[in-house]
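Note that the structure is a prediction, hence the values are computed from the model and not measured.
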Amino acid sequence: MSLINTTIPGLYGGVSQQTPELRHKTQVTEMINVYPTIIGGVQKRPPSTTAYNDNTFPQDSFIYAYDRGAGNEQYIICINGSSQYRIFDIITNTWITSWTTHSYLALPAGNTARNSFALSTVGDTTFIVNKTKTCSMGTTVDYNGDSDWDTTFYYWVKRTNGDTSDANAGLRYKYYIYKNGISMANTATTSTTSNEFGDTVTTISSTDGIIGHDSTALAYALANAIGGTNKGSVIKKIASGTDKWSGSDSWGNQASSSWQGTIKKLQDLPNDFGFEGAVVEISGDENTNFDNYYVKFTDGVFKETYKPGLINAVNAATMPHKLELRRLTSTPTYHIAFSEIEWSGRSVGDEDSASTPSFIGQNIQDVFFYRNRLGFLAGDNVILSESGSYYNFFPTTVTDIIDSDPIDVAVDSNQAISLRYATPFNKELLLFGDKAQFVMGANDTLTPKNVSVQQSTAFSIKDVKPIVLGPNAYFVTEKNTFSGIREYYVQPDSLSNDAADISAHCPNYLPKNIVRLEGSSKNDMIFALSSDTPNTIYVYNFYWQGEEKAQSAWHKWVFSGSIFNIGVIGSNLLVMISRSGAINLEIIPLEFRTDFTEVKYEDATGIPYESKIVLSKVGFATATAKVDDTRMFYTIKNLKVNAEYGSFYNVVSNRFNKPRDYYYNNGTGQFPNREYITSKAYNYKTLAGTYPTTSLLPSTTLTPGSITYAMNSDNKYPITGNVQNLEIEITNNITSGFRINTLDFFGNVVKSGKSV
């Protein structure tokens, strides 16, 4: 027999469901309503205080809480399932609006508000996405002021020989205009008249063209010949039906230029065109490297424009809306405006060169900001606005790719991916799909030319918005009967990313149906809420020392009520909870209290809550294997709790007797099974009824013999028992708190023939 003194350096490791031999010394079997830290020890969790309780937070509503940035403006936007929104001021604890109806917030039957919206805030503006709305273009066809653009014929008299002598008339250029291949110039007659500019014009008839020395006079004569009009040296004729018009001249078509709707080069258009608002398509030739584009003669110049006859405007009623909110005075008064957004429409190109954004015809799933761009997720596409122009998703020119142009790319995967969430991460954009995760980024400035989207990991995620804390992102995965949470990170000295399961050491701890994930970067904490256990918040404390994680602690906070939403603002956890039919907004400060003796540990109910720590089985390190061995005969004699002055707690020892055989009768005979017997007087027991064959230990028979020890002045407790049959709890169910640092166990080890 050897005397052993085992020290547990702290209880900051949280819950572990590994076998006791594999657990770290700082890990426990269960931890409820406590706050473990690696530096300050473990203390009772902070209590909640009521911020508001007027029963106006619908339990199935969508809740979005945010801090405007200065710390003195914090709001909750609440959207219910009846097309209404309401705003709560956290600082003043007041509703600043009544329920306000807006058609964009309407939901189809069968959809709940909780899962139907996505919000993102920049400054005073919050962008609101209704995930059930299908985005669409408008219905108005825009003819760009020139509905006949593609049938209108133009003929430009570019030059003449300038000789005014009738004797040299035969040496002048001849100009021809054809309708469906038939010359129309020979219909001109010789006459002297005035054109629209007041000039005296002489037209000369000819069977094979019109000649002259003045370009304006020639244009006037040609216009008369074909029934058109002219502005200076340019002739315009609106063709009817399917008529095809063309023109030429006797100098290899160098003295004139003509087109009907489309011309090859911009340089072929006259500077003094004259016809305001006319649209021309520039088609290019084999020497150009651009697609077709369109120009419009405006204010004396040709400017790039869009093809007439298209639907160019976005239907704002189906697109995300904005909520402008800011406090105006300390009284306070507010500026509040919920409205449609004036989205920019197509201003250049056509359906091919300036196609509609890929969110048209789809439902937007998320909204975000990234590198001075407003972004949406729709289907398997990520769509970013023009840089600095959040409401424009069309290119500003189709003759070149501009660095500031919008970005619209699909993720590359060999399986169908639906993108759910996007969040800026490590100077990149992390995209969460239902089956895989992707990273969007660029080496330098993000442009349409250098944007890159690559798959990084392939995990199926739960439809819960991920969070980013510091250099890592966290998202929920779901197993058959439990949930897990993964920590997405960039591997050091590597270009690859990975997502570790931070709940791997307690795989059955987090229930299914996680509905909310929140985090506090100030306090290194994560909070998970499941609809399966609405009275419980699952908490994860972590602490990094360089690149090593020194703390990875799961535990739970349990409340006397049903929690339907949580949020984190600054260093506070917001809890929306239903207690006995009353709905409260309660606040829990997350700072670790150094003055725990001054805190009254009771929630908003005014009733103290119980804190409990169930310790792991205590072992000892062998000289060879260096593992905790609880399989040998280790008998605890004494426990010393090293706690801060002013701590109040109980130590409970649950003594389990060894299982003994018994028989039970199900009406047909006796069958052997096993049971924990609390009395040594019985080795066998006959029980009526049928018990599950999968359970050797029916829950009705698990009744340990519990002994509670009062606090001693030296913090030592006489606990005697073999670790295999002993469970030790530290409890507190009063308004006073505690802080425990380390534990010392004193006992004996009886060596046996067993090997580790």
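- Annotation: salt bridge (Lys or Arg N to Asp or Glu O under 4.0 Å) contacts of Lys462 (sequence neighbours excluded): none.
- Listed here is the closest heavy atom pair of Thr597 and Tyr645: CG2-O, 3.9 Å.
- Checked against side-chain hydrogen bond (donor to acceptor under 3.5 Å, both in side chains), Asp380 has no partners two or more places apart in sequence or in another chain.
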In sequence, state the C-alpha distance, the side-chain angles, and the governing distance for Glu729 and Val614, and then conclude on side chain to side chain contact (heavy atoms under 4.5 Å, CB included).
CA-CA 4 Å; Glu729 299 177 1; Val614 181; 3.9 Å; yes
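- Shortest non-hydrogen contact noted between Thr49 and Ala604 is C-CB, 4.3 Å.
- Within the 6.0 Å centre-distance limit, the rings of Phe542 and Tyr540 are counted as a close aromatic pair.
- Listed by chain and residue number, Phe338 satisfy the ring-ring contact (aromatic ring centres under 6.0 Å, His included) test with Tyr85 (two or more places apart in sequence, or in another chain).
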Take Phe438 and Val382 through the test side chain to side chain contact (heavy atoms under 4.5 Å, CB included) and record every step on the way to the result.
CA-CA 11 Å; Phe438 303 84; Val382 53; over 6 Å; no
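- A side-chain donor-acceptor contact under 3.5 Å links Asn130 to the backbone of Tyr104.
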After noting the C-alpha distance and the side-chain angles of His555 and Val28, does the key distance pass the side chain to side chain contact (heavy atoms under 4.5 Å, CB included) rule?
CA-CA 10 Å; His555 52 104; Val28 298; over 6 Å; no
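- Stacking of Lys44 on the aromatic ring of Phe648 is not recorded, the 6.0 Å distance cut-off and the 45° axial limit not both being met.
- No option in Tyr474, Tyr421, Phe425 other than Phe425 meets the ring-ring contact (aromatic ring centres under 6.0 Å, His included) test with Tyr488.
- Pairs passing the salt bridge (Lys or Arg N to Asp or Glu O under 4.0 Å) check and including a residue from residues 91-102, sequence neighbours excluded, do not occur.
- Within the model, atoms OG of Ser520 and CG of Asn572 stand 9.0 Å from one another, a figure rounded to the nearest 0.5 Å.
- For Tyr35, the ring-ring contact (aromatic ring centres under 6.0 Å, His included) test picks out Phe592, with sequence neighbours left out.
- For Lys522, there are no salt bridge (Lys or Arg N to Asp or Glu O under 4.0 Å) partners at least two apart in sequence or on another chain.
- Between Leu615 and Ile8, the closest side-chain pair of non-hydrogen atoms is not below 4.5 Å.
- For the residue pair Arg579/Ser560, the side-chain donor-acceptor check at 3.5 Å is satisfied.
- Here the closest heavy-atom approach between residue Asn741 and residue Gly41 is recorded as OD1-CA, 4.0 Å.
- The shortest distance between side-chain heavy atoms of Phe369 and Pro424 does not fall below 4.5 Å.
- Judged by distance alone, with hydrogens and angles left aside, the side-chain atoms of Ser16 form a donor-acceptor pair with the main-chain N or O of Gln18 at under 3.5 Å.
- Ser103 and Lys133 get closest at one heavy-atom pair: O-NZ, 3.7 Å.
- At a threshold of 4.5 Å between non-hydrogen side-chain atoms, the residues Val129 and Asp366 do not count as touching.
- The distance from the CG atom of Asn72 to the CD1 atom of Ile90 is 12.5 Å, given to the nearest 0.5 Å.
- Scanning for salt bridge (Lys or Arg N to Asp or Glu O under 4.0 Å) contacts around Arg420 gives an empty result, with sequence neighbours left out.
- Looking at His505, its side chain never comes within 3.5 Å of a backbone N or O of Ser503 through a donor-acceptor pair.
- Residues satisfying the side-chain hydrogen bond (donor to acceptor under 3.5 Å, both in side chains) test with Glu518, not counting sequence neighbours, are Arg516.
- When side chains are defined from C-beta on, Tyr334 does not count as touching Thr97, because their heavy atoms never get closer than 4.5 Å.
- Residues that satisfy the salt bridge (Lys or Arg N to Asp or Glu O under 4.0 Å) test with Asp124, not counting sequence neighbours, are Arg68.
- With Ser647 contributing its side chain and Arg739 its backbone, the two residues share a donor-acceptor pair below 3.5 Å.
- Counting only distance, with no hydrogens or angles, the side chain of Asp434 and the backbone of Ser418 share a donor-acceptor pair below 3.5 Å.
- Side-chain contact check for Val15 versus Glu30: some heavy-atom pair is nearer than 4.5 Å.
- Judged by distance alone, the side chain of Asp89 and the main-chain N or O of Ile91 form a donor-acceptor pair under 3.5 Å.
- Counting all heavy atoms, side chain and backbone alike, Val464 lies closest to Ile514 at CG2-O, 3.0 Å.
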Decide side chain to side chain contact (heavy atoms under 4.5 Å, CB included) for Ile566 and Leu573; before the verdict, give the C-alpha distance in whole Å, the side-chain angles of both, and the deciding distance to 0.1 Å.
CA-CA 7 Å; Ile566 57 174; Leu573 175 67; 4.3 Å; yes
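- Residues meeting the side-chain hydrogen bond (donor to acceptor under 3.5 Å, both in side chains) test with Ser571, sequence neighbours left out: Glu591.
- A salt bridge (Lys or Arg N to Asp or Glu O under 4.0 Å) check over residues 530-543, counting only residues at least two apart or in different chains, returns nothing.
- A donor-acceptor contact shorter than 3.5 Å is absent between the side chain of Lys322 and the backbone of Ser339.
- Thr536 places none of its side-chain heavy atoms less than 4.5 Å from the side chain of Ser530.
- Atoms CD and CG, from Glu73 and Leu325 in turn, are 7.0 Å apart once rounded to the nearest 0.5 Å.
- Residues Asn535 and Lys556 fail the side-chain proximity criterion, which asks for heavy atoms closer than 4.5 Å.
- Residues Tyr12 and Pro36 approach most closely at CA-CB, 3.9 Å, considering heavy atoms.
- A side-chain donor-acceptor contact under 3.5 Å links Asn732 to the backbone of Ile734.
- Interatomic distance, CZ of Phe62 versus CZ of Phe117, reported as 8.0 Å (0.5 Å rounding).
- Side-chain polar atoms of Gln437 and Thr457 form a donor-acceptor pair below 3.5 angstrom.
- Interatomic distance, Ile730 CD1 to Leu639 CG, rounded to the nearest 0.5 Å: 6.5 Å.
- Checked by atom type and distance alone, the side chain of Asp67 never pairs as donor or acceptor with a backbone atom of Ile569 at under 3.5 Å.
- The line from CG of Asn363 to OG1 of Thr318 is 10.0 Å long, rounded to the nearest 0.5 Å.
- Residue pairs meeting the salt bridge (Lys or Arg N to Asp or Glu O under 4.0 Å) criterion with at least one member in residues 95-107: none, sequence neighbours excluded.
- Of the residues listed (Tyr509, Phe527, Trp554), the one engaging Tyr538 in a ring-ring contact (aromatic ring centres under 6.0 Å, His included) is Tyr509, and it is the only one.
- No donor-acceptor pair closer than 3.5 Å links the side chain of Arg486 to the backbone N or O of Phe475.
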Show the numbers, then the answer: is there a side chain to side chain donor-acceptor pair (under 3.5 Å) between Thr121 and Tyr64?
CA-CA 10 Å; Thr121 301; Tyr64 174 75; 2.8 Å; yes
